[in-house]
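Computed from a predicted structure; not experimentally measured.
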Amino acid sequence: MRERRKGDGVSWNRFCWCTLCIVFSCVILSGFTFSSFRLFSGERYMPLVVPAWRNPAMEAVSMESAVAPAISVREIVIFPDQAMVFLSYPPSGRLLTKEDLLCIYSLGNSSKPQFQHPPIAAEDGADANGQMVRCPLQSGHSRVALMLRSDGSVLSGPSHHWNKLVYEALIDRDNTTVVFVKGLNLRPGKVSNSSRFECLYGWDFRRPRFVLRTEVLSIAQEIVRCETPLSVLNGGVYRGNRTVKVSLRVKGGGLIFNSIAQAGLRRAAAPSTQTKAHEMCICTMVRNQARFIKEWVVYHSKVGVNRWFIYDNNSDDDPETLVDSLNDAGFNVSRHTWPWIKTQEAGFAHCALRARPACEWVGFIDVDEFFHMPAGLDLGEVLRNWSGMPAVSELRVSCHSFGPSGLKERPRQGVTVGYTCRMATPERHKSIVRPEALNSTLINVVHHFHLRDGFEFVNVDRGIMVINHYKYQVWDVFKEKFYRRVATYVADWQEEQNAGSKDRAPGLGTRAIEPPDWSNRFCEVQDTGLRDQVLQEFADPRTHNLPWQEAEDGDGDENRTEQMD
């Protein structure tokens, strides 16, 4: 009897040890699958104990048994005046139009929709299988969802407020991840202490099964540069149909920023000796300025710009149709949806990374700013003057601010011909940079970037090149700026901040009320230099019509000829 009990005890011990070995092997295998052990990837592993009866977090799903996913809401971002709904589609899904959808709203604690409203817009997202739908928002709206008009089904998803959010991320060619974060509230133009933060990679940062932590390499303004996990570099980590997201954590306090940012694809590094496709490119950000884009593109193509990157900040005036028409006419223009409000500096940094593989030089100007070459040179000739000085990587160009020039209505021949009176002293400058020379923090203050050590800037002589900034146009155009400014560190017109700043109209105040003498303000010097060049270079000799005037006016030749009298 004793012998039998002894044998049972030995069997039970063996069974326990075997079971523990199997469990430990599974844990090790899961760790290798996620590439999360520091031995191989330099990352720290944060396990969350999962009971044995639950499926592993990285369980594979066979294509034969998988059900094709339906249209779903990936994320919702709540802005002060609208909600941005991000939709995900199956690969073969048809993109919806705003006529297919209704925005529905719940108030207070009610889970039942109280009322509905048509969307403002429905447009393509940043990825091939996504879409963004903008819903109007008023104070008191607590929850937003979408309803399909066809069958009444409701699409809903997690919501995030814009004041603290990781909103974009892309993997740079050095394998670091550049992350864009709203709500850091860091000082403009200054590098901050990166040791206070760490980067997180995962799916749900509130209840993660696995989260990878990596170092913050640099942090400044709204841009964080993170060490990228090996598992992400090897093609990304997926869970079902979701790509791993990137977030930021404040050390010590435990604050984790909400995130909708998925790590984008790596951009291939071009050999340093390779000639780039374009000598001169331009980046800009617009909101409801489609009527000015054609003149801006056509003019700059004449003086040497080869490529345009237009970041669309929630426009409602159909800029995509205009961009398509420009491309059909032979111009190389791309429109990039950038829904993030008051993030112009971050958008320019994002654009610099996009333009770098193809562009030797990139200018960062607005669509009411035009490079003017008083000496008759073009941009290519000016840039080639500096080609023998590789250390010179930024050209700072002075800006002349033009006023309404006595006009009360928008000039039908465009801003370059209509506005001819400006202030005597230049206001600030804008820059043309070599994107290869930018500091890794991508710090910029709209007007210029910070350069890497060993590179320098020069101030371009105003007799060679200036920027005509048609800043103070007729009142009906200028007052639109009161709705929202796009720069992060520039106060809106309505705010009682920085009253003496050059970013404000002198003496205007904080209300969109036209001063009686508006049409004659900011007029100290008559300057018809660019106007004369435009009429000489662009006017049709028979009709005197300008290339951008035909689509703008929609009139016959007789009416267009009368405008020159």
Side-chain angles (χ1 to χ4, degrees), residues 73-87 119-127 130-137 144 157-171 177-186 188 219-226 245-248 257-264 283-289 309-317 319-320 334-355 364 366-367 441-446 481 483-492 495:
V73 171
R74 181 166 63 88
E75 317 272 358
I76 301 174
V77 179
I78 306 298
F79 294 106
D81 60 345
Q82 59 185 272
M84 187 75 66
V85 183
F86 293 85
L87 295 178
I120 300 171
E123 51 194 340
D124 294 352
D127 57 85
Q131 190 175 26
M132 295 185 297
V133 179
R134 289 192 283 132
C135 292
L137 201 62
V144 182
S159 294
H160 309 284
H161 285 279
W162 171 238
N163 59 333
K164 285 192 179 295
L165 185 69
V166 178
Y167 58 93
E168 290 273 355
L170 56 84
I171 299 176
T177 305
V178 181
V179 184
F180 298 84
V181 186
K182 192 68 176 178
L184 287 171
N185 299 321
L186 303 178
I219 184 168
Q221 296 185 165
E222 291 190 356
I223 300 175
V224 182
R225 192 175 285 270
C226 302
K245 295 197 295 187
V246 188
S247 189
L248 187 71
F257 282 74
N258 287 332
S259 174
I260 65 167
Q262 298 176 340
C283 287
T284 195
M285 186 173 292
V286 301
R287 183 183 182 278
N288 292 338
Q289 294 176 301
F309 297 87
I310 296 178
Y311 276 51
D312 182 4
N313 191 218
N314 300 325
S315 295
D316 302 323
D317 58 353
E320 56 268 40
S334 64
R335 171 182 167 268
H336 183 83
T337 301
W338 186 262
W340 321 116
I341 63 174
K342 291 189 73 65
T343 57
Q344 187 176 22
E345 295 88 342
F348 278 2
H350 191 277
C351 189
L353 293 177
R354 290 185 64 216
F364 296 86
D366 298 329
V367 294
T441 63
L442 298 175
I443 289 179
N444 70 89
V445 289
V446 178
K481 292 186 178 182
Y483 180 75
R484 187 168 70 217
R485 311 291 292 278
V486 297
T488 307
Y489 298 100
V490 176
D492 287 340
E495 298 178 8

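Atom CD1 of Ile76 is separated from atom NE2 of His160 by 9.0 Å, given to the nearest 0.5 angstrom. The CD atom of Gln221 sits 10.0 Å away from the CG atom of Leu442 when rounded to the nearest 0.5 Å. Put simply, CZ on Phe79 and NZ on Lys182 are 9.5 Å apart, with the number rounded to the nearest 0.5 Å. Atoms CZ and CD1, from Arg225 and Ile219 in turn, are 12.5 Å apart once rounded to the nearest 0.5 Å. Cys226 contributes atom SG, which lies 10.5 Å from atom CD1 of Ile171 (distance to the nearest 0.5 angstrom). Rounding to the nearest 0.5 Å gives a distance of 7.5 Å between CD1 of Ile341 and CD of Gln82.
Between the side chains of Glu75 and Asn258, no donor-acceptor pair is found at a separation under 3.5 Å.
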Intermediate values then yes/no, side-chain contact (heavy atoms from CB on, under 4.5 Å), Tyr167 and Thr343: CA-CA 11 Å; Tyr167 58 93; Thr343 57; 3.7 Å; yes
Does His336 form a side-chain contact (heavy atoms from CB on, under 4.5 Å) with Cys351? I'd like the steps, not just the answer. CA-CA 9 Å; His336 183 83; Cys351 189; over 6 Å; no
Go through the steps to decide whether Val179 and Leu248 satisfy the test side-chain contact (heavy atoms from CB on, under 4.5 Å), and finish with yes or no. CA-CA 9 Å; Val179 184; Leu248 187 71; 5.9 Å; no
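The aromatic rings of His350 and Tyr311 stand perpendicular to each other, their planes meeting at an angle above 60°, with 30° marking the opposite boundary. Relative orientation of the Trp162 and Trp340 rings is parallel, given thresholds of 30° and 60° on the angle between their planes.
Closest approach of Ala83 and Leu137 over heavy atoms only: N-CB, 4.2 Å. A pairwise comparison of heavy atoms in Phe309 and Ala355 identifies CE1-CB, 3.6 Å as the closest pair. Contact record, Gln131 with Ala122: NE2-CB, 3.8 Å, taken as the closest heavy-atom pair. Taking every heavy atom of both residues into account, Met285 and Phe348 meet most closely at N-CE1, 4.0 Å. Arg134 and Ser315 make their closest contact through NH2-O, 3.0 Å (heavy atoms, listed as atom of the first residue, atom of the second, distance). Nearest heavy atom pair, residue Phe364 against residue Ala352, reads CZ-CB, 4.0 Å.
Between Gln344 and the choices Thr284, Asp366, Asn313, the side chain to side chain donor-acceptor pair (under 3.5 Å) rule is met once, by Asp366. Tested against Val181 for a side-chain contact (heavy atoms from CB on, under 4.5 Å), the candidates Val166, Ile223, Leu165 yield a single pass: Val166.
Under a 3.5 Å cut-off, the side chain of Glu222 and the backbone N or O of Leu184 do not form any donor-acceptor pair. Between the side chain of Asn314 and the main chain of Pro339, a donor-acceptor pair closer than 3.5 Å is present.
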